[in-house]
Amino acid sequence: GEASSIGTVVQRFDTWFLQRRSFLYGEGVYAGIILALVLYNLVLYFSIRERAYLYYSLYVFLFGSLWIARSGFFYQYLWPHHPVWEREYQPYLAATAIIFSILFVREFLATRRRSRTVDSLLLGALGVTIGCCLVRLVTGRMLLPLPLALIGLALTIVYSVIGVVALARGFRPARFFLVAWTAVLLGSVIYIFMFLRLFPINFLTYNSAQIGSAIECILLAFALADRVNLLKQQNDEKQLQYTRELREQVTHRTEELTRAVENLKTAAITDPLRSEE
């Protein structure tokens, strides 16, 4: 059974062991999903050289690593003798994930070309994120996690709104884009409510943000594939239109040349007759 005393919870060892095993299993599944998505999309990036795939891969790797770090795996296996680094690196990992999410969204939605307002908003968020890191480096104050959490939550809402607008304007890949950011937003909200004790602590609420981020990463991969297919379709249509126009120009020039040849033939016959007269 369980008993609480002075803010602590005492559990049977077998109950704790089962919970811990379930937690580690979930972490392993999550890490596998993240690693597979990163490797697959990096291969696609090196194949087609589409920068959106590079930004996506870096974002997924950094964002996924941020949640995996919560389990203490990195500290346990990579730097067990460096507790200061363990405390310091996670905010910068989060900031880098935010930066590459902004770069991905700008590239995916082509905001530089489609909307100067949205692009300026994203660049502003990029500047604020970098500014928070610089302030932390210069002052040494532990003020970085809270601003980054607020920036990340605000950007998730902004991305969802941008997805609605892009979908309304007929941008087909925005379907997956919108659902992806809605999933991570919902997962983050559930996790925050659990942290505030508004929701009970269980496997689903404790891992809600990870579940939402896994769904997000998978759907963004579908969105990227849909975007590339759409660009290929548009390029094929442009190539077909160009070929059609070129064929029409060739046909028109051929007809003109044929008429010119006929005129020359006619002139070659009639001109000697006129000279004889």
Side-chain angles (χ1 to χ4, degrees), residues 25-74 77-78 89-111 122 125-126 129-130 133 145 148-149 151-160 162-163 166 173-191 207-229 231:
Y25 176 77
E27 290 291 325
V29 171
Y30 179 77
I33 292 173
I34 295 300
L35 183 61
L37 289 171
V38 169
L39 293 178
Y40 176 72
N41 285 278
L42 276 178
V43 170
L44 290 178
Y45 166 70
F46 287 114
S47 299
I48 63 179
R49 297 293 177 177
E50 176 69 32
R51 278 188 299 180
Y53 278 102
L54 177 61
Y55 294 150
Y56 166 83
S57 299
L58 292 173
Y59 163 69
V60 170
F61 174 75
L62 293 165
F63 190 58
S65 297
L66 182 65
W67 286 108
I68 295 171
R70 183 184 60 163
S71 64
F73 287 160
F74 294 158
Y77 295 109
L78 299 181
Y89 86 97
Q90 292 192 33
Y92 297 105
L93 186 66
T96 311
I98 289 173
I99 289 172
F100 279 106
S101 78
I102 294 172
L103 294 177
F104 166 73
V105 172
R106 291 183 71 232
E107 188 70 25
F108 181 83
L109 296 177
T111 56
L122 295 177
L126 184 67
T129 303
I130 295 174
C133 294
L148 286 179
I151 291 172
L153 184 60
L155 277 176
T156 303
I157 297 173
V158 169
Y159 294 159
S160 299
I162 294 174
R175 297 173 300 171
F176 295 111
F177 183 87
L178 174 60
V179 179
W181 291 109
T182 302
V184 75
L185 177 61
L186 181 61
S188 299
V189 169
I190 293 174
Y191 184 79
N207 295 286
S208 59
Q210 280 181 288
I211 295 172
S213 67
I215 295 173
E216 172 214 17
C217 294
I218 294 171
L219 290 175
L220 287 180
F222 281 115
L224 267 175
D226 197 20
R227 177 179 177 272
V228 170
N229 288 333
L231 291 175

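No experiment lies behind these values; they were computed from the predicted model shown. Below, each value reflects all heavy atoms present in this structure, side chains not excepted, and no hydrogens, waters or symmetry copies.
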If I take atom [atom1] from residue [X] and atom [atom2] from residue [Y], how far apart are they, to the nearest 0.5 angstrom?
{"X": "Phe176", "Y": "Arg227", "atom1": "CZ", "atom2": "CZ", "value": "15.0 Å"}
{"X": "Tyr56", "Y": "Leu42", "atom1": "OH", "atom2": "CG", "value": "10.5 Å"}
{"X": "Thr129", "Y": "Leu155", "atom1": "OG1", "atom2": "CG", "value": "6.5 Å"}
{"X": "Ile218", "Y": "Ile34", "atom1": "CD1", "atom2": "CD1", "value": "8.0 Å"}
{"X": "Leu220", "Y": "Ile215", "atom1": "CG", "atom2": "CD1", "value": "11.5 Å"}

Item to complete: Determine whether more than 12 heavy atoms belonging to other residues, nucleotides or ligands lie under 6.0 Å from atom CZ of Phe61.
Response: no

Item to complete: Run the numbers on Ser47 and Tyr53 for side chain to side chain contact (heavy atoms under 4.5 Å, CB included), then give the verdict.
Response: CA-CA 10 Å; Ser47 299; Tyr53 278 102; over 6 Å; no

State, to 0.1 Å, how close [X] and [Y] come at their nearest heavy-atom pair, and which atoms those are.
{"X": "Ser160", "Y": "Leu185", "answer": "OG-CD2, 4.4 Å"}
{"X": "Gly163", "Y": "Ala174", "answer": "O-CB, 3.8 Å"}
{"X": "Ala223", "Y": "Phe108", "answer": "O-CE1, 3.5 Å"}

List the atom pairs, with distances to 0.1 Å, where a side-chain N or O of residues 94-107 and a protein N or O form a donor-acceptor pair under 3.5 Å, not counting sequence neighbours.
residue, atom, partner, partner atom, Å
Thr96, OG1, Tyr92, O, 2.7
Ser101, OG, Ile98, O, 2.7
Ser101, OG, Tyr159, OH, 3.0
Arg106, NE, Asp119, OD1, 2.6
Arg106, NH2, Asp119, OD1, 3.1
Arg106, NH2, Asp119, OD2, 3.2
Glu107, OE1, Arg112, NH2, 3.1

So do [Y] and [X] actually touch side chain to side chain, heavy atoms under 4.5 Å?
{"X": "Ile130", "Y": "Leu126", "value": "yes"}
{"X": "Ile33", "Y": "Cys217", "value": "no"}
{"X": "Val184", "Y": "Phe63", "value": "yes"}
{"X": "Leu58", "Y": "Val38", "value": "no"}
{"X": "Asn41", "Y": "Val60", "value": "no"}
{"X": "Ser213", "Y": "Trp67", "value": "yes"}

Discussion item. Between Asp226 (side chain only) and Phe222 (backbone N and O only), is there a donor and an acceptor less than 3.5 Å apart?
Written reply: no

Worksheet item: Relative to the ring of Trp181, is the ring of Phe177 parallel (under 30°), tilted (30 to 60°) or perpendicular (over 60°)?
Response: perpendicular

